[in-house]
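Every chain is numbered from 1, with letters handed out A, B, ... down the list of sequences. Being a predicted model, the structure only gives us computed values, none of them experimental.
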There are 2 protein chains.
Amino acid sequence: MSTERQPDAVDAILNQWRRERPDLDVSPMATIGRLKRCSALMQRRLDEAFSAFGLTIWEFDVLATLRRAGAPHCLAPTALFSTLMVTSGTMTHRMQRLEASGWVERVANPDDARGKLVRLTPAGLELIDRAVEAHVENEHRILAPLSAAELNTLETSLAGLLAVLEPGKDRAD
Amino acid sequence: MSTERQPDAVDAILNQWRRERPDLDVSPMATIGRLKRCSALMQRRLDEAFSAFGLTIWEFDVLATLRRAGAPHCLAPTALFSTLMVTSGTMTHRMQRLEASGWVERVANPDDARGKLVRLTPAGLELIDRAVEAHVENEHRILAPLSAAELNTLETSLAGLLAVLEPGKDRAD
DNA sequence: TACAACTATCTTGATATCAAGATAGTTTCA
DNA sequence: TGAAACTATCTTGATATCAAGATAGTTGTA
């Protein structure tokens with residue numbers, strides 16, 4: 001089970017635990033610790049591209065969700081916060097900010113007067129269309145050091161983990 | 001390039017983008033999207049174990065960092081917030097909360113009067129020792145559905161990604 | 001119709017976080 | 001020694017988030 005790679009920050013943490021608590025099998029930390037660390041570092045790299053457009057990660061996420069839904073780029077707040085895994089209160093706050101920026105507007109829902117629909121404005125559409133181009137380019141750049149085979153293995157592994165973590169989706173039983 | 005797995009939430013997002021922006025090669029989103037989603041879902045699962053001990057994730061992280069440093073379980077705030085990837089202001093706030101809970105105490109730094117050292121109290125040590133046992137068990141449970149081969153592939157892939165993302169560590173040049 | 005149960009959204013209050021700057025102690029070097 | 005540069009920590013003000021509850025509209029059913 002030898003490895004050729006250089007020890008990383010997670011290896012150091014594992015070594016500390018093995019010294020301090022040799023009674024524990026901390027091997028899962030190798031995977032879960034790297035998952036968290038990769039995700040945190042990745043978000044920072046992605047943020048660099050967003051900030052060039054004056055966008056934060058959450059602003060990009062909301063605008064992108066509306067954009068990829070297709071014309072008329074209009075979704076209910078409930079659909080948005082479910083997709084984005086945040087609470088309704090958070091979504092209310094985000095709508096206020098995005099509306100003030102002029103990137104979304106709220107229009108009456110013809111089918112349900114309890115709520116309104118959130119719609120990309122022309123300015124919001126134009127912005128997110130440019131931002132997503134830069135974002136995708138940035139993602140390509142970030143992953144460029146990995147070979148096609150490495151990328152494929154990583155994606156397949158993460159898909160397997162996601163299937164384990166995603167609560168009860170796509171189950172037939 | 002056929003796959004046997006069920007489509008997941010990230011596949012749905014990719015399909016939307018391919019319909020709306022067929023000019024973009026959004027393939028990196030398959031990996032990066034799953035990374036973020038796996039990490040978010042994993043944190044929720046981990047949080048379940050922490051909350052059984054009345055701990056939040058950040059409280060666990062700070063106490064665990066002190067614990068695995070070994071006796072006398074004492075680190076400078078700078079070492080803590082560097083390791084934990086947060087700002088100094090955040091760490092000040094965390095120290096106030098943890099000190100009020102009685103899990104850490106601040107002692108004078110004999111080598112540098114500018115700052116104090118943060119040290120686990122006996123109560124903090126006892127708590128984190130129990131909590132980390134439950135945490136590791138929980139991690140084993142979460143990953144149990146994956147085979148040893150799958151886990152090994154996942155860990156190796158994430159280590160490769162981390163080497164790409166980690167800024168300039170372990171470089172000889 | 002009328003009422004109960006349900007649902008979508010917003011409000012409130014508390015907390016965690018960050019960026020920028022303030023404060024105080026240490027180090028370097030002439 | 002003394003002053004400048006540096007460093008460690010804390011403070012301040014703004015923002016994003018959540019949990020819980022409030023409000024208003026919809027649906028089912030007698």
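Annotation: side-chain hydrogen bond (donor to acceptor under 3.5 Å, both in side chains) contacts of A:Arg106 (sequence neighbours excluded): A:Glu99. A:Thr153 meets the side-chain contact (heavy atoms from CB on, under 4.5 Å) test with A:Ser157, B:Thr153, B:Ser157; sequence neighbours excluded.
Contact of the A:Val26 side chain with the A:Ile13 side chain is not registered, since no non-hydrogen atoms from C-beta on lie closer than 4.5 Å. Between B:Leu154 and B:Leu158 there is a side-chain heavy-atom pair separated by less than 4.5 Å. Side-chain contact between B:Pro77 and B:Thr92 is absent, with no heavy-atom pair separated by less than 4.5 Å. Using a 4.5 Å heavy-atom cutoff, the side chains of A:Val132 and B:Trp17 are in contact. Taking 4.5 Å as the limit, every side-chain heavy atom of B:Arg44 sits out of range of all side-chain heavy atoms of B:Asp47.
Within residues 51-64 of chain B, the residues having any heavy atom under 4.0 Å from DNA chain C are, by residue number, B:Trp58. Sorted by residue number, the members of residues 92-103 of chain A with any non-hydrogen atom under 4.0 Å from DNA chain D read A:His93, A:Arg94, A:Arg97.
Taking atom CE of A:Met91 as the reference point, atom P of D:dC18 lies 9 Å away to the nearest angstrom. Here D:dG25 presents its C1' atom at 15 Å from CG of A:Leu117, a figure rounded to the nearest Å. The interatomic distance linking A:Phe81 (CZ) with D:dA16 (P) rounds to 19 Å, in whole Å. Between B:Lys116 atom NZ and D:dT7 atom C1' the separation is 18 Å, expressed in whole Å.
No path of Ile, Leu, Val, Met, Phe, Trp and Tyr side chains, each step under 4.5 Å between heavy atoms, connects A:Met95 with A:Leu117, placing them in separate hydrophobic clusters.
Residue pairs meeting the side chain to side chain donor-acceptor pair (under 3.5 Å) criterion with at least one partner in residues 109-123 of chain A, sequence neighbours excluded, are A:Glu105-A:Arg119, A:Asp112-A:Arg114.
A salt bridge is defined here as a Lys NZ or Arg NE, NH1 or NH2 lying under 4.0 Å from an Asp or Glu carboxylate O, and B:Glu166 with A:Arg37 meets this definition. A salt bridge is defined here as a Lys NZ or Arg NE, NH1 or NH2 lying under 4.0 Å from an Asp or Glu carboxylate O, and A:Arg5 with A:Asp11 meets this definition.
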Annotated protein contacts, base or backbone, on nucleotides 19-26 of chain C with a non-hydrogen cut-off under 4.0 Å, one of B, S, - each: S-----BS
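Here A:Arg106 reaches the OP1 or OP2 of C:dC10: one of its side-chain N or O atoms lies under 4.0 Å away.
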